[in-house]
Amino acid sequence: MSGPQSNRLASGGGIDRSRALRFTFDGRSYSGFSGDTLASALLANGVRLVGRSFKYHRPRGILSAGSEEPNALVELRNGARREPNTRATTAELFDGLVAESQNRWPSLALDVMSVNSLLAPVFVAGFYYKTFMWPAAFWEKLYEPMIRRAAGLGRAAAEPDPDSYEKVTAFCDVLVIGGGPAGLMAALAAARSGASVILTDESFALGGRLLSERAEIDGGDANAWIARVRDELDALANVRILTRTTLFAAYDSGTCAAIERVADHLAAPPPHMPRQRIWRIIAKQVIVTAGATERPIVFGNNDRPGVMLAGAVRSYINRFGVAPGRRAVVFANNDDGCATVRDLASAGIEIAALVDTRASSPQYISELAAHHGVRLVNGVVTDVEGRLGVRSVRIRPHAGAPFTLDCDLVAVSSGWNPNVQITTHLGGKPRWSDTLATFVPGELPRGMSVAGAAAGDYALHSSLASGARAGHTAAEATGFSSPPIDTPRADDEPTSIAAFWHVQGTRHKAFVDFQNDVATTDIALAEREGYRSIEHVKRYTTLGMATDQGRTGSVNAIAILAALTDKSIPETGVTAARPPFTPVALGAFAGHHRGRTFKPERRPASYDWTKANAGVLVETGLWLRPAYFPRAGERDWLESVSREVATVRSAVGICDVSTLGKINVQGPDALALLERLYANDLASLRVGRARYGVMLREDGFLMDDGTIARLDEQHYFVTTTTANAAKVYQHMQFALQWLWPELDVQIASATEQWAQFAIAGPRARELLREIIDAAHDISNAAFPYLAVGDVTCCGGIKTRLYRLSFSGELAYEIGVPARFGPALWQRLLLAGEPLGACAYGSEALGVMRIEKGHISGPELNGTTTAADVGLGAMRSRKKDYIGRVLGERPGLVDPARPALVGLRPVERAQRLRAGAHFIARTAEATAANDDGYMTSTAFSPSLGHWIGLGLLRHGPQRQGEIIRAVDPVRGEDVLVEVVAPVFIDARGERLRA
Amino acid sequence: MRIACPHCGDRGLDEFVFLGDARVTRPMADATEPADAFHAYGYLRTNPAGPTDELWFHAAGCHAWLVVTRDTRTHVIASVRLARDVALERRAVASTTEDASA
Amino acid sequence: MTSRSYSILGVLREALRGHSGWTPAWRDGEPKPAYDIVIVGGGGHGLATAYYLAKRYGVRNVAVLEKSWIGSGNVGRNTTIVRSNYLLPGNIPFYETSMKLWEGLEQDLNYNAMVSQRGILNLYHSDAQRDAYARRGNAMRLHGVDAELLDATGVRRMYPWLNFDDARFPIRGGLLQRRAGTVRHDAVAWGYARAADRLGVDIIQNCEVTGFRIAGGRCTGVETSRGTIAARKVGLACAGNSSRVAAMAGLTLPIESHVLQAFVSESIKPLVDGVITFGAGHFYISQSDKGGLVFGGDIDGYTSYAQRGNLPVVEDVLEGGMALMPRIGRVRLLRSWGGIMDMSMDGSPIIDRTPVDGLYLNAGWCYGGFKATPASGLAFAHLLALDAPHEDARAYRLDRFRTGHMIDEKGMGNQPNLH
Amino acid sequence: MPDPILQPASAVAAWTPVATAGLSIDVRDDLTIAGIAPFRGKAQAVSEALAERYGLALPAACRRISGDDITLQWSGPDQWIAIAGRGAARDLEVELKPLLAGLAAVVDHSDARAVVVFSGKHARDVLAKGLPIDLHERAFRVGDVAITHANHIGVTITQTGNEPAYEIMLYRSYADSFADWLRHATAELTA
């Protein structure tokens, strides 16, 4: 039956017959036209069998002509661009398109897994819950792998997605979702009033159903009218039209999300173009004109290729100029049958019968049938025959004997469901309408309205009118009023319907949810087993959980369940539709933020120099900090770090500490605020001096530590750890704005203003002398330990100098305006050369702070108190401060809490590892004997062995004791001696030198 | 969800950081039974399903702390005020009641 | 009492007669006027509690009251992960007991909930994270729980297609618990319901508790949409709504309700074998037997009783997803939804008596309630039956915030949305 | 001893200005910026002092005004920044401290911010790919200031001209990542 576009009609359709496009499906070459979808092109070439179903691997064809398609899913493109589960009905044809059918082996026509279909009587709903339980061990080893291999549809690409995505934010007064007749009128009405309008449509052409129907508007072809409207909208500056764009979710406060397929109609996006774009649209008013989705009728073998929604049949004829079959049977419970018969006839497709489920058809239907010489049967189609596609149908008239008719196409319609999904994303429930025999939008979120088929206004003229009304009202609600616009002339074709859901007494399985292979019998079984809530039925049978979220099947299912439970359909209720309206590529949500650009980088002053000199950078939050600076001949990081430490301890080193948080605190009440923020006393801090401080959370645990420098009577300059800078700033603002708003203080971050370097080591002062302008006396007497002052360097550059030491050596921190940072860094290294200076990174910094027993991130883990880390004495008794009261709870002052100690291996050669747990030397390594854990470790070049800090139960009282540091996950168990948490210069003489 | 910052105007959720209940007030240091008062302040929440007052920080904006009155069932926001103003109001009320009781 | 045993033979037998012989998995009955114990909440925890009360403690005059359909809460909308890779002594034994119960669940319940132990891998991206995971893994091992610390090579061996080479935060290794995995979430509720029903427990759906009968500081029953039901003891297992329900008994809890979103992709052929969590962003993922990628990230971060989230979190989750596994870029998101979490003040649950005699509380599960279902049911049943805490749940006291004995795995302090 | 003068570095390493039809983007490194944070109840006095010296009063929230030799811009509740060309060696912190002594906290921000200027009819389209605020003229006009974020980077944006033209300030350490994003965001226009 197939051949080069053998089923393409001689004329008609919105396709461009002058532009032929080549494509392949399952390796076979075909051609189609510009304006085709993959589905229309396959049908044009007589291809009916397109996929296999999820569970039984039944042959499936093309049911619809839109995004609701449950059957015709393919793998589109190949290699890194392979897209599984792509709907052939929405994939635009492009030259060179490659598509493969999925979920079949070895071939689509001969799929071995279709034996499942023979086992269908066994593989019923709930099958898995009742089986595969014995023996337990077999589940992961045997049963599940088998099930997992069989399940799934298409295959994800094996390589990273090579295309790019982006995200855009847009604002408008009125958002119109759907560019069909109602949407176009709504956009027009709103736009003419001056309101800013965004109109989205999932297709590449505006018009919606009009593109698929032979409708007249204003006495002419509807397409002409569409073109006129589009021209007017295009000409208006306040209108943005987004085609190939699906509005897929509504969120709070008028925020909607849409996906624009920027380049999916091309073989591959050009390098500068994103593949897709997420639109975050913030709209004051939202009008849903998303149209409606047609329902199939449920009957035997209703999933066979050749069974097609009547509306889709018309789409393929009218929009794509394709004959979806040669001999058709039309099966409907509503007047939709008229249009189908008319269009089939005019396309020259033979019509074997019009089967109307109603006891008697309205007169205009019998007249139409007569006019086209079509046999009108009031009855039902009970079954389809044919293995890989429709060969014939069995018909059971209401009166008379059943009979069979040959045909290759069944155009089926049980009416239309308004696309209410977007109206329910914010919790709204659809409302049942008896007259329309479907669910229509219920209570709407504020700022949202519905028009056209989405509101149940199926007839063309009333749809246009309701769109115009909605557009006008929405614009007025946003303050743009204008006279209502006229509704163009159009007919209101008949839309009467007699609810009919499924045919009783069929020979073959009758499917409700095609993709998940849920049949009427599965729903009956679920009900029989007590799964009677619609949600239970959904979850037990997987009904409505396929990639179409039940758009074609769910209402039929609800009706069938209602009948089984003797409830009304509204009593039975609906299952919630969840965002997205149609599936959206995961990559689009990430946009630019993947790979190395997942998060922005923060670069300190020494970044470029470090890169240029092969220094190693390490991620510290968003910062990239120099970790260490390898030199030629050094075997590993440890050798480099040890050399840096030794240089600092013996000569002088320079370290970039620009990443530390820095905050100006100024004003008459600056001290009062700081006294409440820090646990230790600050009142006695003099101008020109700095002090170490600890900050607690209100719950009494340590929050952060740092230095507080008093630059002036009312000007304090505090530093925070790199990790907590933002948290501390926010905490200070909280205290100032919410807890103590009466305080007169101003807080400003200065982290980025200053490039700051630590200069540490016995020769630090000598080096500094080379940099600081001569006018400033930095002798030990004039500028002692913990002194702070503003000076100048390198010939007058603003400089803030601190005498602080994290390393325990004679040390300073020098801050200059950030633009001079890179130059000062190099200047310090240059000036330091004669003194044997070197740059040192965060690793060496870490080693030295452990040698000195200073706490850092591992000890500041949010569960330690000041006392735990040996700072209990700092807590002031004289003042109220954040964390004081809750910090005195029994659980926080329990003397048995693990407290900070130093540790060194008994066998000096052994390595210590952070994360090891402490066990008494003679005790079993069990949870009951867990005495704490190692927080930080380092190899101390100064001591020539590994050292550690840890939190040990009753730690301070256990100095000298030998305990085990057990590390099962690394297979180690080391004897360590508990010592004081200071390994170098315990009396602190060096830093005062 | 969007929050109308009194300074910056209507902004998206991703500019703000949620802290928690704004109906609890930090006890005075000299509160009687401070342990109980701080326990309630620090840990007990009415957590209503309906309108409530919450503290939000305009972290990616002007750095104002805000008191947002929001319905936790619908996410609809009834009002947004500067935390400082709300706090100062409460001080005023508290002091007047003290005066009254004094 | 109603349905008979499930087995492949039973299924085959039924296949021959159109499955006409199956009976309801649980009776859909009317409430009796009085019970020994009434459980408020027909979710996983409530149904498990009822099951263990009947099975292990011989208390069978029990009713589970569900305001909607059973399993309509978080047991029906989570991301199905089960694990016991905890850090603190207050938690590890409890979650390990839960793991052990999962491991025997199907045989115990005669219901296949598809307990699938394909492992969970928590990735680390820095030395500090590695040390924290080593500390945790060691704590697990000291408790007799399985844990392995992998380096980057070990991770590559398991998942060679993760983003190792173009990463903002390179993968340096991971903490692996092989016994962790996933469970078919709805089946857990149904399995416990069926098993409890067979032991005589009444499961009452569409029965909303509207108040408590409290006399002289003692709870003697509940008011419901289907009338008053007397009870010697009442247990609350309604996480997500704990504060609302407890308020009817005059209690204020250390809990905030927050929304957590979850996501599932279109069904694809097997890609992700076990569970993977990203250590440098908010993203975790597994793949269901049906083929959908099931993933999630952080809670939205504000209090909510609306079962839906907002767009920024969706973007945040997938930025993490694409940073970690760029090959899923063209796989499509099928559904996203939100559930309401009882976020407690220290990130750990509460299983304890309340100041009201006869009223017991099971709450504060944060987003970790599903994996705890069996142990939570067992411990709550123990407490209800014997009036003493189960030994694995001793730390879950309601007054621990007063005494300062918080169980704070993350060290975030009294801020629920950071746990 | 090497030449004592240190050479200042640009906020954005390896930046190439964008200059195409309808879009030009460049970086400014020649500004001196000072934060002005009046103490409680002193805003009026600060405003008067500035008016007397520069002929400009403090602008309202979310606004910026420019005079001949200085620009004043709102930067948050009770906070403003003053901006001027650095010229030879102008330093607004040094200039303003004595003028506002006792009235306001004055701190140097000159180096804390990277400053990027945009202009042309496509500027808005590019910025919409990053900034989540409405820059349409109905919502944002010349002299308007917004503090927001773009691709996880905090920014302060001001409309400086009708072309339209904008100025974006961001923290210096993020500048290279911001520039990297800009290269992607402008690819469609510069291709």
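Letters A, B, ... are given to chains in the order of the sequence lines, protein chains preceding strands, and every chain is numbered from 1.
With chain A as partner, the option from C:Arg136, C:Met345, C:Met406, C:Arg402 having the largest number of non-hydrogen pairs under 4.5 angstrom is C:Met406.
By the side-chain contact (heavy atoms from CB on, under 4.5 Å) test, A:Glu601 pairs with A:Arg603, A:Tyr607, A:Leu624, C:Arg168, D:Ser177, sequence neighbours left out.
For chain C, the nearby part of A:Glu144 is the side chain; its heavy atoms alone come within less than 4.5 Å. Heavy atoms closer than 4.5 Å to chain C are found in both the backbone and the side chain of A:Val966. With a threshold of 4.5 angstrom between heavy atoms, C:Phe295 approaches chain A through side-chain atoms but not through N, CA, C or O. Proximity to chain C is limited to the side chain of A:Phe54, based on heavy atoms less than 4.5 angstrom apart. With a 4.5 Å cut-off on non-hydrogen atoms, A:Val122 touches chain C through its backbone and its side chain both. With a 4.5 Å cut-off on non-hydrogen atoms, A:Thr547 touches chain C through its backbone and its side chain both. Heavy atoms closer than 4.5 Å to chain C are found in both the backbone and the side chain of A:Arg528. With a threshold of 4.5 angstrom between heavy atoms, A:Lys55 does not approach chain C through any atom at all. Only the side chain of A:Asn516 comes within contact range of chain C, judged by heavy atoms closer than 4.5 Å.
Rounded to the nearest 0.5 angstrom, C:Met325 CE and C:Trp161 CH2 are separated by 3.5 Å.
Both the sub-6.0 Å distance and the 45° axial angle are satisfied by C:Arg194 relative to the ring of C:Tyr6.
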Output side-chain donor-acceptor pairs under 3.5 Å for residues 146-154 of chain A, partner residues at least two apart or in another chain, one line each.
| from | atom 1 | to | atom 2 | distance (Å) |
| --- | --- | --- | --- | --- |
| A:Arg148 | NH1 | C:Gln287 | O | 3.0 |
| A:Arg148 | NH1 | C:Asp289 | OD1 | 3.0 |
| A:Arg148 | NH2 | C:Val272 | O | 3.1 |
| A:Arg148 | NH2 | C:Gln287 | O | 3.3 |

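By the 30° and 60° cut-offs, the orientation of the rings of A:Tyr143 relative to A:Phe132 is tilted.
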